[in-house]
Amino acid sequence: MADEAKAAGNAAFAAGNFSDAIRHFSDAINLSPTNHVLYSNRSAAYASLNNFSDALADAKKTVEIKPDWSKGYSRLGSAFIGLRDYVSAIEAYKKGLEIDPTNEGLKSGLSDAEKAASTRPGFDPTRPGSSPFGDAFGPEMWAKLTADPSTRAYMQQPDFVNMMRELQKNPNNLNLYLKDPRFMQSLGVLLNIKLSTRGNEDKEMFEAQSERKRPAEEEQVNVKEKKREAEPMQEEVEVSEEKEARERKAKAQKEKEAGNVAYKKKDFENAIKCYSEAVELDDTDISFLTNRAAVYLEMGKFEECIKDCDKAVERGRELRSDFKMVAKALTRKGTALVKMAKCSRDYEPAIETFQKALTEHRNPDTLKKLNDAEKAKKDLEQQEYFDPKIADEEREKGNEFFKQQKYPEAIKQYTESLRRNPKDHKAYSNRAACYTKLGALPEGLKDAEKCIELDPTFAKGYTRKGAAQFLMKDYDKALETYEAGLKHDPHNQELLDGVKRCVGQINKASRGDLTPEELKERQAKAMQDPEIQNILQDPVMRQVLVDLQENPKASQEHMKNPLVMNKIQKLISSGIVQIK
């Protein structure tokens, strides 16, 4: 069934077996070609194997089938990014956000696409929204500014940091900051060129005027003295800034340690205070945010936990933090979403978040949380769908189709009945009869066994099981099933007739009345039976078989043993041993 193939695909995807996942999702699509979720899942599996062309085709099919489903546009954007078509990716994410403006996954994808578009090679200055300085404000901008002594101090100035972040988002706005000497200095560092600022021009003009007022020799001496005075001062400032930065980091670590101690003591308010102070002192360590998120999670403040996790993921990507830390933030967010879930649909964003975490880092704990969330979602779906009254109505519809010999239609109704009430043994019995009529004997046998499991006293369950086994030519097993049913209903005519048919077939082999073709078929089937294989491999039985041929007196003694006699009878019924 499509649901079973989908579940197998989800399990393979979670385990990292993407090729198997694609195969299972393809099987599910063949059974349910209009299910948009299946195309979405297969698109994700293709993308995981870097097969972005097929991922794009499935994403387009998802959107075609379900244009109002935001996740389809997320798949579409992801495939376009993989194909480096960033403009199309941006359009896809924006369409998704029109449907679900608060979707964090779409927001994050849009941000990634815009950054990639602004820093891609082969820049086209005629394209609206582009900037010739896009590469300068790429992901490596912060590292360059921090490494250069002339711009390092600016990193401690909030207004400067905000200015540079704005330029990362839209480099076209740089003309707004041309009068700021800090920006001009930073732009020179990022472009690896020397730019003159207004301050430099004023200095040159002042020196030119001074030359006209003083002798050249005196000017040269003064310039050298000023240079000697300025150099140690600049060095001193740089050392002071580095020292201050180290001190702030050290203080932040101490606050984190204090927060950890408070967290272990369940002193959550103080833990929050310490972690918040650490975040203020040093915003380059996202562990402060993930730790604070853990406290909010313990306190039941799930919205605050999710906000901190989102901040940690966003900042972690800006800083190119360890992928394990980003995965931890996503896992923590998923846990909070699970805690907030009230219905089956609420588990969908949690499951998606756990899957994202696993793409960052395959952590066993995250995988377990994903599996638990999927199981909880499935259980809730069953509970929400459970309705015994509707189940009985669907079963009656199935009975009408059965009477009309429309067995596929009857199976569909019985299946819907079981979705509404999975404990209805009658629906399993009726569906088993349909499968048997259609020759789907393994499926019929499985349903009959489920029927007996739910109600061991229900005679119909035994007749369904015995009929399937009889048609599969497992006459001994069918006989055992009919006899087991007679223990609960000794006068049941169907069971009695079943026993008679089985005995007739078994005796037919005992009398040697089987045709050569029937004998060959029965022997081949018997050799696949584990019970027959065990009998033939038993040293005692092998000796018994030898005595039957060579030592009639010894064989008569063997026949007095009921266990041996029973095993010989099975070999005779299977055609392995023939009595002449």
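Residue numbers run from 1 in the order of the sequence given.
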Ignoring hydrogens and angles, write down the donor-acceptor pairs under 3.5 Å from the side chains of residues 534-545, residues two or more places apart or on other chains.
{"unit_1": "Asn534", "atom_1": "ND2", "unit_2": "Pro530", "atom_2": "O", "d": "3.2"}
{"unit_1": "Asp538", "atom_1": "OD1", "unit_2": "Val540", "atom_2": "N", "d": "3.1"}
{"unit_1": "Gln543", "atom_1": "NE2", "unit_2": "Asp547", "atom_2": "OD1", "d": "3.1"}

Show me, pair by pair, the donor-acceptor contacts under 3.5 angstrom made by side chains of residues 456-465, not counting sequence neighbours?
{"unit_1": "Thr457", "atom_1": "OG1", "unit_2": "Asp455", "atom_2": "OD1", "d": "2.7"}
{"unit_1": "Lys460", "atom_1": "NZ", "unit_2": "Glu494", "atom_2": "OE2", "d": "3.0"}
{"unit_1": "Tyr462", "atom_1": "OH", "unit_2": "Pro456", "atom_2": "O", "d": "2.7"}
{"unit_1": "Tyr462", "atom_1": "OH", "unit_2": "His488", "atom_2": "NE2", "d": "3.4"}
{"unit_1": "Thr463", "atom_1": "OG1", "unit_2": "Lys460", "atom_2": "O", "d": "2.7"}
{"unit_1": "Arg464", "atom_1": "NE", "unit_2": "Ser429", "atom_2": "O", "d": "3.3"}
{"unit_1": "Arg464", "atom_1": "NE", "unit_2": "Ser429", "atom_2": "OG", "d": "3.2"}

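A side-chain N or O of Thr366 and one of Thr331 form a donor-acceptor pair less than 3.5 Å apart. Asn41 and Asn10 share a side-chain donor-acceptor pair at under 3.5 Å. Looking at Ser108 and Glu314, their side chains never bring a donor and an acceptor atom within 3.5 Å of each other. Looking only at atom types and distance, the side chain of Asn51 has a donor-acceptor partner in the side chain of Asp54 under 3.5 Å away.
The structure places CG of Asp424 at 11.0 Å from CZ of Arg431, a figure rounded to the nearest 0.5 Å. To the nearest 0.5 Å, the span separating CG on Leu479 from CD on Gln469 amounts to 10.0 Å. Separation of atoms OG (Ser74) and CG (Leu97) is listed at 9.5 Å; rounding is to 0.5 Å. To the nearest 0.5 Å, atom CD1 of residue Ile81 and atom OH of residue Tyr86 are 7.5 Å apart. Taking CD of Glu396 as the reference point, atom CG of Asn430 lies at 9.0 Å (rounded to 0.5 Å). One finds the NE2 atom of His425 at 12.5 Å from the OH atom of Tyr428 (value rounded to the nearest 0.5 Å).
A salt bridge does not link Glu443 to Lys446: none of the charged side-chain nitrogens sits closer than 4.0 Å to a carboxylate oxygen. Using a 4.0 Å cut-off between charged nitrogen and carboxylate oxygen, Lys61 and Glu64 count as a salt-bridge pair. Using a 4.0 Å cut-off between charged nitrogen and carboxylate oxygen, Asp20 and Arg23 count as a salt-bridge pair. One finds no salt bridge joining Glu400 and Lys397 here, because no Lys/Arg side-chain nitrogen approaches an Asp/Glu carboxylate oxygen to under 4.0 Å. By the 4.0 Å N-to-carboxylate-O rule, Glu98 lies too far from Lys94 to be salt-bridged with it. Comment: Lys307 does not engage Glu304 in a salt bridge, judged by the lack of any side-chain N to carboxylate O separation of less than 4.0 angstrom. A salt bridge links Asp379 to Lys375: one of the charged nitrogens lies within less than 4.0 Å of a carboxylate oxygen. In summary, Glu394 and Lys412 do not engage in a salt bridge, as defined by a charged side-chain N under 4.0 Å from a carboxylate O.
Within the 3.5 Å criterion, the main-chain N or O of Ser88 finds a donor-acceptor partner in the side chain of Asp85. Side-chain atoms of Thr353 come within 3.5 Å of backbone atoms of Pro349 as a donor-acceptor pair (strictly under, hydrogens ignored). Checked by atom type and distance alone, the side chain of Asn103 pairs as donor or acceptor with a backbone atom of Leu106 at under 3.5 Å. The closest donor-acceptor contact from the side chain of Ser344 to the backbone of Glu381 lies at 3.5 Å or more, if one exists at all.
Taking each heavy atom of Thr436 and Gly444 in turn, the nearest pair found is OG1-CA, 4.3 Å. Smallest separation of non-hydrogen atoms from Asn421 and Ala391: CB-CB, 3.5 Å. For the residue pair Gly485 and Leu495, the shortest heavy atom distance occurs at C-CD1, 3.4 Å. For Cys434 against Ile411, the heavy-atom pair with the smallest separation is CB-CG1, 3.5 Å. Smallest separation of non-hydrogen atoms from Leu418 and Ala427: CD2-CB, 3.6 Å. Scanning all heavy atoms of the two residues, the minimum distance from Ala467 to Tyr482 falls at N-OH, 3.2 Å.
In this pair, Phe13 and Phe18 present their aromatic rings perpendicular. The plane angle is above 60°, beyond the 30 to 60° band.
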Item to check | side chain to side chain donor-acceptor pair (under 3.5 Å) evaluation trace for Asp100 with Thr102 | outcome: CA-CA 6 Å; Asp100 186 0; Thr102 62; 3.3 Å; yes

Checklist entry - Given Asp392 and Ser417, is the side-chain contact (heavy atoms from CB on, under 4.5 Å) satisfied, shown in steps? => result CA-CA 7 Å; Asp392 290 343; Ser417 174; 5.9 Å; no

Item to check | Evaluation steps, side-chain contact (heavy atoms from CB on, under 4.5 Å), between Arg332 and Cys305 | outcome: CA-CA 8 Å; Arg332 202 148 282 167; Cys305 172; 4.2 Å; yes

Next on the checklist: Before you tell me yes or no, could you show the steps for Arg75 and Tyr39 under side chain to side chain donor-acceptor pair (under 3.5 Å), namely the whole-Å CA-CA distance, both residues' side-chain angles and the distance that decides it to 0.1 Å?
Outcome noted: CA-CA 10 Å; Arg75 300 292 190 216; Tyr39 289 100; over 6 Å; no

Checklist entry - Yes or no on side-chain contact (heavy atoms from CB on, under 4.5 Å) for Leu337 and Tyr347, after CA distance, side-chain angles and deciding distance? => result CA-CA 7 Å; Leu337 289 169; Tyr347 279 91; over 6 Å; no

Checklist entry - Checking side-chain contact (heavy atoms from CB on, under 4.5 Å) for the pair Tyr435/Asp447: CA distance, chi angles, key distance, verdict? => result CA-CA 9 Å; Tyr435 280 132; Asp447 270 3; 3.4 Å; yes

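In this structure, Arg317 and Asp112 have side chains that are in contact, with non-hydrogen atoms separated by less than 4.5 Å. Looking at heavy atoms from C-beta onward, Leu31 lies out of side-chain contact with Asp27 at the 4.5 angstrom threshold. Residues Thr359 and Gln355 are not in side-chain contact: their nearest non-hydrogen atoms beyond the backbone lie 4.5 Å or more apart. In this structure the side chain of Leu330 never reaches within 4.5 angstrom of the side chain of Phe354, judged on heavy atoms. Using a 4.5 Å heavy-atom cutoff, the side chains of Met340 and Ile306 are in contact. Side-chain contact between Ile29 and Asn35: absent, with no pair of heavy atoms (C-beta onward) separated by less than 4.5 Å. Side chains of Leu380 and Gln383 form a contact here, defined as non-hydrogen atoms less than 4.5 Å apart.
The local environment of CZ in Arg345 is sparse, with at most 12 non-hydrogen atoms from other residues, nucleotides or ligands closer than 6.0 Å. The neighbour count for Glu303 CD, taken as heavy atoms of other residues, nucleotides or ligands under 6.0 Å away, does not exceed 12. Within a 6.0 Å sphere centred on NZ of Lys377, other residues, nucleotides and ligands contribute more than 12 heavy atoms. The 12-atom threshold is exceeded at NZ of Lys107, counting heavy atoms of other residues, nucleotides or ligands nearer than 6.0 Å. Counted within 6.0 Å of NZ on Lys328, heavy atoms from surrounding residues, nucleotides or ligands total 12 or fewer; the atom is thus considered open.
Within the cation-pi definition used here (under 6.0 Å to the ring centroid, within 45° of the axis), Arg395 does not qualify as a partner of Tyr414. Taking the ring centre of Tyr385 as origin, the terminal cationic atom of Arg420 falls inside the region bounded by 6.0 Å and 45° from the ring axis.
In summary, the aromatic rings of Phe401 and Tyr407 are positioned with their centroids too far apart to meet the 6.0 Å limit. Residues Tyr73 and Tyr93 place their aromatic rings such that the two centres sit no closer than 6.0 Å.
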